[in-house]
Amino acid sequence: MQVKAAVFYRPHEPLAVQELELEGPRAGEVLVRIAACGVCHSDLHFIDGLVPIASPSVLGHEAAGVVEAVGAGVASVQPGDHVVLSFIPSCGRCQYCVVGRPNLCTIGNRAMSRGTMLDGTPRFAREGRPVYQMGSIGGFASYTVVPEAGCVKIREDMPLDRAALLGCGVMTGVGAVINTARVQAGSDVAVVGCGGVGLNVVQGAALAGAGRIIAIDVLAHKLELARQFGATHTVDASREDPVEAVRRISPGGVDYAFEVIGRPETVRQAFDMARRGGLTVVVGVPPAGAEVSLPAGAFLTEKTITGSAYGGARMPVDVPRLVELYMSGRLKLDELISRVYPLEGINDAFDALRRGEVARSIVTPL
Ligand code: CND
Ligand code: ZN
């Protein structure tokens, strides 16, 4: 079928909104009509040339929609079902899936980084040439085909535009707190970078019952939003040294520090904010080839640093939980959606993200 999609060709160029050919779902795959797709900074990293991606690619990895058709053997969803899409479809059989770390799935991560289905090929094409799918999704399109393992069915009264945010920003942010760090009630948390993902780290910390939640950003309006999402303290890093400020608010440093920007210098700041024995969690995606330097002496204080991929997502468990939290009024999603763009407005949406104007924008392709 013919679909409309936003295609990345090369860095520093606007995405091209074009008609593409979409092949129907093969065995184990699902055709989805995209209701909404969030605009995440990970997509912007490709456009800004900081992280490489297969070209051409349909970007967009934070999407929800409605199942239109299923390929042979698909059992977990059927036409009409509402689904949130996962950018790491997990196979359920590799060593990572078996030990309960499906976000590290060997096959899913390979498909994600290639921008293909599990068989190594994408379903979009233009003039007979393959067009890849960011995160095995390619959500900036009117329709897409995804692996069955990349679909999580949700209840139908959950608004699909809100549900889209669960596909990356919310899962990544809340998951980094609950799955990766396992933040304990009453403990102190610092969050460096309060954009679409960082605000969800803040609200994850609030959900976990953290004590002090210190939000750090360089934009005053992000800090105001962070308060709405549960921050108890804010630090404007454009006005004062954020490490000193955090150590003043939480003497000795915080129990958990999260970096949610993707820069070596802010990773270092987060590490320096953590107390003796504290945990630093890097959520931000750094530029390809970047390195971080840490004070080696700090290891004697048993400080730990780890990454968090997709918030340690176990999508079939975590997505329905997040849906219930939203439906019962305990997870903020409405407040995250700053703007809604048509597919034709996609480059404006990325410009707004680059300028720091939005918490999250969503694109509604149809
Ligand atoms: P977004 O651009 O919305 O937020 C970044 C925030 O950082 C903005 O509010 C900025 O003002 C703020 N900021 C910039 N520089 C500084 C600074 N020096 N000190 C303090 N604050 C600063 O981006 P996003 O929230 O969509 O994404 C954040 C990162 O998370 C980005 O690197 C993205 O690629 C990454 C990410 C990771 C994962 C994962 O699985 N680990 C999934 N999705 C996105
Ligand atoms: Zn993302």
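First listed ligand is number 1; within each ligand, the first listed atom is number 1. Reckoned from all heavy atoms, side chains included, excluding hydrogens, waters and symmetry mates.
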Extract all donor-acceptor atom pairs below 3.5 Å that involve side chains of residues 279-290 and protein atoms in other chains or at least two apart in sequence.
none

_Tell me whether A309 has any N or O atom under 3.5 angstrom from an N or O of ligand 1._
no
When distances are taken from atom 44 (C) of ligand 1, the protein heavy atom at minimum range is S42 OG, 3.1 Å
| query | Y96 versus N109: any side-chain heavy-atom pair under 4.5 Å? | reply | no
request  = Check whether the side chains of S338 and E357 place a donor and an acceptor atom closer than 3.5 Å, and report yes or no.
outcome  = no
Under a side-chain separation threshold of 4.5 Å, the hydrophobic residues clustered together with I261 are V192, I214, I216, V235, V243, V246, I249, V254, M273
**Message:** Does ligand 1 come near enough to Y310 that some N or O of the ligand is less than 3.5 Å from an N or O of the residue?
**Reply:** yes
Test of proximity, V197 against ligand 1: N or O pairs below 3.5 Å
yes
H41 N/O/S atom closer than 2.8 Å to the Zn ion (ligand 2): no
- prompt: Taking distance alone, with no angle check, do F87 and ligand 1 share an N/O pair under 3.5 Å?
  reply: no
Notebook entry, point to check: Can a non-hydrogen atom of E265 be found less than 4.0 Å from any atom of ligand 1?
Noted result: no
Counting only nitrogen or oxygen atoms and a 3.5 angstrom limit, does H61 reach ligand 1? no
S308 near ligand 1 by a heavy-atom separation under 4.0 Å: yes
shortest atom 37 (C) of ligand 1-to-protein heavy-atom contact is with V283 O, 3.1 Å
Salt-bridge criterion met for R26 and E29 (N-O under 4.0 Å)
no
Of D43, L353, V260, the residue with the heavy atom nearest atom 28 (C) of ligand 1 is V260
Closest to atom 35 (C) of ligand 1 among protein heavy atoms sits V285 N, 3.7 Å
What is the ring orientation for F350 with F140, classed by angle as parallel under 30°, tilted 30 to 60°, or perpendicular over 60°? perpendicular
For atom 15 (N) of ligand 1, the closest protein heavy atom turns out to be R263 NH1, 3.6 Å
Ranked by distance from atom 14 (C) of ligand 1, the top protein heavy atom is I261 CG2, 4.0 Å
Ranked by distance from atom 2 (O) of ligand 1, the top protein heavy atom is H41 ND1, 2.6 Å
protein heavy-atom neighbour closest to atom 4 (O) of ligand 1 works out as G195 CA, 3.2 Å
For R360, state whether at least one heavy atom is located under 4.0 Å from any atom of ligand 1.
yes
